[in-house]
Amino acid sequence: MSVAALLLAAGASTRMGSPKPLLPWGGGSLLAWELDELTRTQIEGIVVVTGAYADDVRRALPEDRRQHCVFNARWAQGRSTSLAAGAAALLSPMRRRPDVVVIQNVDQPTRADIIDRLVDELRSTGAEAVQPSYLGSRGHPVVVSGELLEELAAATEEELGLRSVLRRHPPLELAMDDEPIVRIDLDTPDTLAEGRRLCGVPDPAPAGR
């Protein structure tokens, strides 16, 4: 079974105050760190959906990573448009259709082993979708069957995007009560220190040192 990933990195990062994909993370940027984690998994193909700051994001990546980027011209209309753009890219006749799709938001980083556990759970159970949970609350990333790609490509803000797809295909919840990382949500600067700690990366050195 082939596995692909959608990494959604198109938002304006308004509450963060600076582009989330370019946040200092583990000696590089947050996006680069997440791509490194994804390449350490079973995933064979990656699509990074960009929008706001698309040029800056592409330039910040090594040349061999820029090929993963797909620009969403409708990014300002909401995250569901990026989900749809990424799914459409995976449905391109130029690509091999994946059997499994990992859906990750750039502001919700996770480790490679978490992703592999979720993919393995979907494969072994035959579920249409798998989602981690932490102390009873659903987390991320979400892993879905490639059979849902057409529905993902048709996602709209009016129908709440991924939520509507998961309402039609309720995910199997995989309890990860020892992994608070599955609940990371990097919305504002005050979340960064805890996020880095959970990802096992150091805080950046103060400027001038």
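Worth knowing before you read on, the calculation uses all heavy atoms, side chains too, and leaves out hydrogens, waters and symmetry mates.
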Tell me whether the count of non-hydrogen atoms from other residues, nucleotides or ligands lying under 6.0 Å of CD in Gln67 goes above 12.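 More than 12 heavy atoms, drawn from other residues, nucleotides or ligands, come within 6.0 Å of this atom.
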Kindly check if the number of other-residue, nucleotide or ligand heavy atoms within 6.0 Å of CZ (Arg163) is above 12?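 No, not enclosed.
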Is it true that a side-chain atom of [X] and a backbone atom of [Y] form a donor plus acceptor pair closer than 3.5 Å?
X      : Y      : result
Thr156 : Glu159 : yes
Arg15  : Thr188 : no
Gln131 : Leu174 : no
Ser2   : Asp99  : yes
Gln108 : Asp185 : no
Arg123 : Met1   : yes
Arg196 : Trp25  : no
Ser82  : Ala10  : no

Pairwise side-chain contact, [X] with [Y], heavy-atom cut-off 4.5 Å (strictly under):
X      : Y      : result
His169 : Val144 : no
Leu160 : Arg167 : yes
Thr110 : Glu37  : no

So which heavy atom on [X] is nearest to which on [Y], and how close?
X      : Y      : answer
Val47  : Gly86  : CG1-CA, 4.2 Å
Gly161 : Leu83  : C-CD2, 4.4 Å
Arg97  : Glu147 : NH2-CA, 3.8 Å
Met176 : Tyr134 : O-CD1, 3.4 Å
Ala84  : Ala153 : CB-O, 3.3 Å
Leu122 : Ala127 : CG-O, 3.4 Å

Check this for me, if you would: do [X] and [Y] make a salt bridge, where the nitrogen-to-carboxylate-oxygen distance has to be below 4.0 angstrom?
X      : Y      : result
Asp120 : Arg117 : no
Arg65  : Glu34  : no
Asp187 : Lys20  : yes
Arg79  : Asp107 : yes

In short, salt bridge (Lys or Arg N to Asp or Glu O under 4.0 Å) pairs touching residues 125-145 with sequence neighbours left out are Arg138-Glu173
Rounded to the nearest 0.5 Å, what's the gap from [atom1] on [X] to [atom2] on [Y]? Could you check?
X      : Y      : atom1 : atom2 : value
Asp36  : Thr41  : CG    : OG1   : 11.5 Å
Leu30  : Leu22  : CG    : CG    : 9.0 Å
Ile114 : Glu179 : CD1   : CD    : 3.5 Å
Thr81  : Glu157 : OG1   : CD    : 6.5 Å
Asn105 : Leu162 : CG    : CG    : 8.5 Å
Leu149 : Leu6   : CG    : CG    : 7.5 Å

Yes or no on side-chain contact (heavy atoms from CB on, under 4.5 Å) for His140 and Ile184, after CA distance, side-chain angles and deciding distance? CA-CA 8 Å; His140 49 74; Ile184 286 179; 4.2 Å; yes
Answer with yes or no whether the hydrophobic clustering places [X] together with [Y]; edges join I, L, V, M, F, W, Y residues whose side-chain heavy atoms lie under 4.5 Å apart.
X      : Y      : result
Ile43  : Trp33  : yes
Ile103 : Val70  : yes
Leu7   : Trp75  : no
Val182 : Val101 : no
Leu38  : Val201 : yes

Working note: Ile115 + Gln104, criterion side-chain contact (heavy atoms from CB on, under 4.5 Å); need CA distance, chi angles, decisive distance, verdict. CA-CA 10 Å; Ile115 294 170; Gln104 182 173 338; 3.8 Å; yes
Yes or no on side-chain contact (heavy atoms from CB on, under 4.5 Å) for Leu61 and Leu35, after CA distance, side-chain angles and deciding distance? CA-CA 10 Å; Leu61 291 174; Leu35 286 172; 3.8 Å; yes
Begin with the C-alpha distance, continue with both residues' side-chain angles, and end with the deciding distance and a verdict on side-chain contact (heavy atoms from CB on, under 4.5 Å) for Val102 and Val119. CA-CA 8 Å; Val102 178; Val119 170; 3.9 Å; yes
